[in-house]
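For reference, the structure discussed in these notes is given below.
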Amino acid sequence: MDIHLYNTATRSKELFAPLDPENVRMYVCGPTVYDRAHLGNARPVLVFDILYRLLKTQYPHVTYVRNFTDVDDKINARAAESGRSIGEITAETSQWFLDDMGAIGALEPDHMPRATAYIAEMVEMIEGLIDGGFAYAKEGHALFRVREYARYGKLSGRSVDDMIAGARVEVAPYKEDPMDFVLWKPSDAQTPGWDSPWGRGRPGWHIECSAMAKALLGPQFDIHGGGNDLMFPHHENEIAQSCCANGTDRMANVWMHNEMLQVEGKKMSKSLGNFFTVRDLLEQGVPGEVIRFVMLSTHYRKPMDWTEKKREEAEATLRKWYAQVEGANEGKVTEAVTTALADDLNTPQAIVELHQLSQKGDGSALWAAMRLLGVMGDAVPGWAAVSDADLSAYEAAFSSVRADAMQTKDFSKLDAMKQMLIAAGVEVKMRKDGVDLVAGPSFDPVKLESMP
RNA sequence: GGCGAGUUGGCGGAGUGGUGACGCAACGGAUUGCAAAUCCGUGUACAGGAGUUCGAUUCUCCUACUCGCCUCCA
């Protein structure tokens, strides 16, 4: 099946053609590990998780790399204020990230390199850039000479001159040109640092991805992804570094960027008070599958608005589907579902196809499709499982009361009983010749104890 | 200020140069002691203006508005 992906670099949807069909290679910019992942961090993880799953259905092998940025001034600040070591913080935070992303159904990438494990590769790459005249060392810094790379700004559609005119660039005495960006910077005694030809210091933010991508995927690979906030400057800088250091004309063939997440129509930010982490939601009792479903219900290139209403709808839909899947045997993913995903990860369209399967009552195909989307595994998750509470005694009692009521035309006792059952979270389904009681999601057996 | 994305019915959300995607909600009907659930059915949405066209929601241009990035926050 043909897969089409929107390539930011060309601003168009293109037929995906891997460099090596035996080994599709993708790199996604991962988190800076200094705290819990917030909901916005989850979006790229889920978007590229879907891409990873899709690619795996079409190619024999996919190599997915997502890094951990464990050297960064935010981490340094966190260490300084908490008195804990950097290693302790990054180890703990990295595991939190994996736990939280696992809870929302994200598969782990094949490689999850930590920046601090690739310092030597970064130094080597910077040396190469300096040797080639693309970078220079000054006052303990190494800087990339942006004017040396003619294609700088092409990915994000900017020109160097326009950006200078915008005057939002940092001017520093050690820079030849205000646009030049840092590859390596000096560390003082309190700041983590590594020895280098330019003195003890630490890498700039962008070089890690160039070095790790090269080490694990080679100088050129298929897909590079991340949030669209990374398009500039991060990805622009990565391209400049990698292409100049590796002598290639491109770093990745396809650049993919997801749009940002909002909460109730506004940017999620601490100042607006609508900032929360994935863990916060999970602790509030929002199942990971629901978080994932809401995320997938908006196409990745559109802003995604997290709302309470969507959360509720997603949960209702999933409960309905889980009930249909329970008892079915897992079948095969229908072509319509895969086709939707193959069209630039059109997850909302894929969800439509799942609705169709649900409508047709095709539980086995639904199961397979839900698994592909990552909201279903080998069994229905516990939170959605139909309760196995034995209500047969109540069923019998209710049936006989109902039979009496039908005779006497006095339904008051029956209605009272029904109210109690409903209050206890029991779904009451009356048929002509009987009654079914099903424990609903909010079933509370304690409330039935006062029943006659 | 620069760059970019977007504006589809009550809400969410795909898609298409020409027969009202889909989900939720709503409404009508069947069923029901009454409800619920279920089933059947109903709705003439494509920001505004101009242009291209036999025909535009879909293409082009302009306007308005929203959002994002450029700045530690994805």
Side-chain angles (χ1 to χ4, degrees), chain A residues 6 8 11 28-32 34-35 37-45 47 69 72-78 153 155-170 205 225-236 257-262 265-271 275 293-294 296-299 301-305 307 309-314 316-317 320-321 323 340 343-344 346-356 358-359 361 402-403 405-412 414-415 418-419 421-422 426-432 435-438 440:
Chain A
Y6 184 87
T8 307
R11 312 271 154 165
V28 173
C29 292
T32 299
Y34 69 103
D35 205 345
H38 65 239
L39 191 60
N41 297 122
R43 173 115 108 139
V45 171
V47 165
T69 298
D72 181 274
D73 288 346
K74 287 194 291 290
I75 302 171
N76 300 340
R78 203 47 74 92
L155 176 72
S156 55
R158 293 153 200 257
S159 80
V160 174
D161 293 326
D162 286 348
M163 286 185 277
I164 295 286
R168 294 274 183 98
V169 287
E170 184 192 1
W205 172 33
N228 74 354
D229 55 316
L230 297 178
M231 209 160 91
F232 184 89
H234 185 55
H235 289 164
E236 206 71 75
H257 295 95
N258 62 277
E259 251 291 352
M260 298 291 100
L261 175 123
Q262 296 177 286
K266 291 183 176 158
K267 178 178 177 170
M268 182 168 78
S269 73
K270 285 175 181 166
S271 57
F275 182 96
F293 189 90
V294 171
L296 299 183
S297 67
T298 298
H299 185 83
R301 282 194 288 115
K302 286 200 168 185
M304 149 85 223
D305 193 12
T307 64
K309 191 179 176 208
K310 284 186 187 174
R311 204 226 82 218
E312 286 170 10
E313 282 192 16
T317 301
K320 181 172 132 191
W321 289 354
D343 179 17
D344 195 32
N346 194 340
T347 49
Q349 183 60 43
I351 287 172
V352 165
E353 302 299 341
L354 268 69
H355 277 295
Q356 310 285 9
S358 168
Q359 190 67 27
R402 182 170 181 238
M406 301 273 262
Q407 291 289 320
T408 61
K409 298 292 176 198
D410 175 10
F411 296 97
S412 56
L414 182 70
D415 285 338
K418 188 175 75 179
Q419 286 308 314
L421 286 164
I422 290 169
V426 177
E427 212 176 297
V428 180
K429 297 181 181 179
M430 290 190 208
R431 289 174 284 102
K432 273 181 199 153
V435 63
D436 286 327
L437 299 183
V438 180

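We name chains A, B, ... by the order of the sequence lines, and we start the count at 1 in each one.
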Query raised in the report: What is the base-pairing partner of B:U16, counting Watson-Crick and G-U wobble geometry with both distances under 3.5 Å?
Result: none
Report task. Flag the pair A:Leu155 / A:His257 as yes when at least one side-chain heavy-atom distance between them is below 4.5 Å, and no otherwise. Result -> yes
Query raised in the report: Of A:Gln262 and A:Leu230, whose closest RNA chain B nucleotide lies nearer the 5' terminus?
Result: A:Gln262
Query raised in the report: Considering Watson-Crick and G-U wobble pairs with both distances under 3.5 Å, what does B:A64 pair with?
Result: B:U7
Query - Base partner of B:U53, which must satisfy Watson-Crick or wobble distances under 3.5 Å - result: none
Query raised in the report: Does any non-hydrogen side-chain atom of A:Val294 lie less than 4.5 Å from one of A:Met304?
Result: yes
**Report entry** Atom-pair distance (CE on A:Met231; C1' on B:A5), nearest Å
**Finding:** 9 Å
Query raised in the report: Contact class for A:Lys409 (heavy atom, under 4.0 Å): base, sugar-phosphate, or nothing?
Result: nothing
Query raised in the report: So what's B:A21 paired with, Watson-Crick or G-U wobble, going by both distances under 3.5 Å?
Result: none
Query raised in the report: So which nucleotide does B:G41 pair with, by the Watson-Crick or G-U wobble rule with both distances under 3.5 Å?
Result: B:C27
Report task. Have a look at A:Glu353 and say if it touches a base, only the backbone sugar-phosphate, or nothing, with a 4.0 Å heavy-atom cut-off. Result -> nothing
Query raised in the report: Sub-3.5 Å donor-acceptor pair from the side chain of A:Arg402 to the main-chain atoms of A:Leu414, do we have one?
Result: no
Query raised in the report: Want to settle it: does A:Met406 or A:Met260 sit nearer the 5' end of RNA chain B, counting the closest nucleotide to each?
Result: A:Met406
Report task. Using whole Å, report how far CG of A:Leu354 lies from P of B:G23. Result -> 12 Å
Query raised in the report: Within the structure shown, what part of the strands sits under 4.0 Å from A:Glu312 by heavy-atom distance: base, sugar-phosphate, or nothing?
Result: nothing
Query raised in the report: Given the P atoms of B:G23 and B:A30, what is the spacing between them in whole Å?
Result: 23 Å
Report summary line: Scanning all shown strands, the Watson-Crick or wobble mate of B:U32 with both distances under 3.5 Å is none
Query - Pairwise C1' distance, B:A45 and B:U16 [rounded to whole Å] - result: 14 Å
Query raised in the report: Of the candidate nucleotides B:G15, B:G33, B:G23, which contains the atom at the shortest distance from the side chain of A:Phe411?
Result: B:G33
Query raised in the report: Applying a 3.5 Å limit to both distances, which nucleotide forms a Watson-Crick or G-U wobble pair with B:U58?
Result: none
Report summary line: d(A:Gln356 CD, A:Gln359 CD) to nearest 0.5 Å is 7.5 Å
Query - Rounded distance (nearest 0.5 Å) linking atom OG1 of A:Thr307 with atom CD of A:Glu312 - result: 8.5 Å
Requested in this report: Check whether any side-chain N or O of A:Lys74 sits under 4.0 Å from OP1 or OP2 of B:C73, and answer yes or no.
Outcome: yes
Query raised in the report: Below 4.5 Å, heavy atoms only, C-beta onward: do A:Trp321 and A:Leu354 meet side chain to side chain?
Result: yes
Report summary line: Taking a pair to mean Watson-Crick or G-U wobble geometry with both distances below 3.5 Å, B:C69 pairs with B:G2
**Report entry** A:Glu236 side chain to A:Ser156 backbone, donor-acceptor under 3.5 Å
**Finding:** yes
Query raised in the report: P atom, B:U32 versus B:A21: distance in rounded Å?
Result: 34 Å
**Report entry** Gap in Å between the two P atoms, one belonging to B:G9 and one to B:A64, rounded
**Finding:** 22 Å
Query raised in the report: When you compare B:G18 with B:U57, how far apart are their P atoms, in angstrom units rounded to a whole number?
Result: 11 Å
Report task. Specify the closest pair of heavy atoms between A:Met268 and A:His38, including all atoms of both residues, with the distance to one decimal. Result -> CE-CD2, 3.3 Å
For nucleotides 10-13 of chain B, print each protein N/O atom paired with a nucleotide N/O atom at under 3.5 Å, atom names and distance only.
unit_1	atom_1	unit_2	atom_2	d
B:C11	O2'	A:Lys309	NZ	3.2
B:G12	O3'	A:Lys310	NZ	3.4
B:G13	OP1	A:Thr298	OG1	3.3
B:G13	OP1	A:Lys310	NZ	3.1

**Report entry** C1' spacing across the pair B:C24 / B:G43, given as an integer number of angstrom
**Finding:** 15 Å
Requested in this report: Between B:U19 and B:G13, how far apart are the P atoms? Round to whole Å, please.
Outcome: 24 Å
Query raised in the report: Is the shortest side-chain N/O distance from A:Asn228 to OP1 or OP2 of B:A5 below 4.0 Å?
Result: no
Report task. State whether A:Lys267 places a side-chain N or O below 4.0 Å from either non-bridging phosphate oxygen (OP1 or OP2) of B:C69. Result -> yes
Report task. Could you check if a side-chain atom of A:His299 sits within less than 4.5 angstrom of a side-chain atom of A:Asp344, using non-hydrogen atoms only? Result -> yes
Query raised in the report: Heavy atoms under 4.0 Å, any strand shown: does A:Leu261 hit a base, just sugar-phosphate, or nothing?
Result: base
Query raised in the report: Does the side chain of A:Glu259 reach to within under 4.5 Å of the side chain of A:Thr298, using non-hydrogen atoms?
Result: no
Query raised in the report: Hey, does A:Asn346 reach any base, or is it just sugar-phosphate, or nothing, if we go heavy atoms under 4.0 Å?
Result: sugar-phosphate
Query - Rounded distance in Å between the P positions of B:C67 and B:U58 - result: 24 Å
Requested in this report: Classify the nucleic acid contact of A:Arg78 as base, sugar-phosphate or nothing, counting any heavy atom under 4.0 Å across all strands shown.
Outcome: nothing
Query raised in the report: Whole-Å distance between B:C22 P and A:His355 NE2?
Result: 11 Å
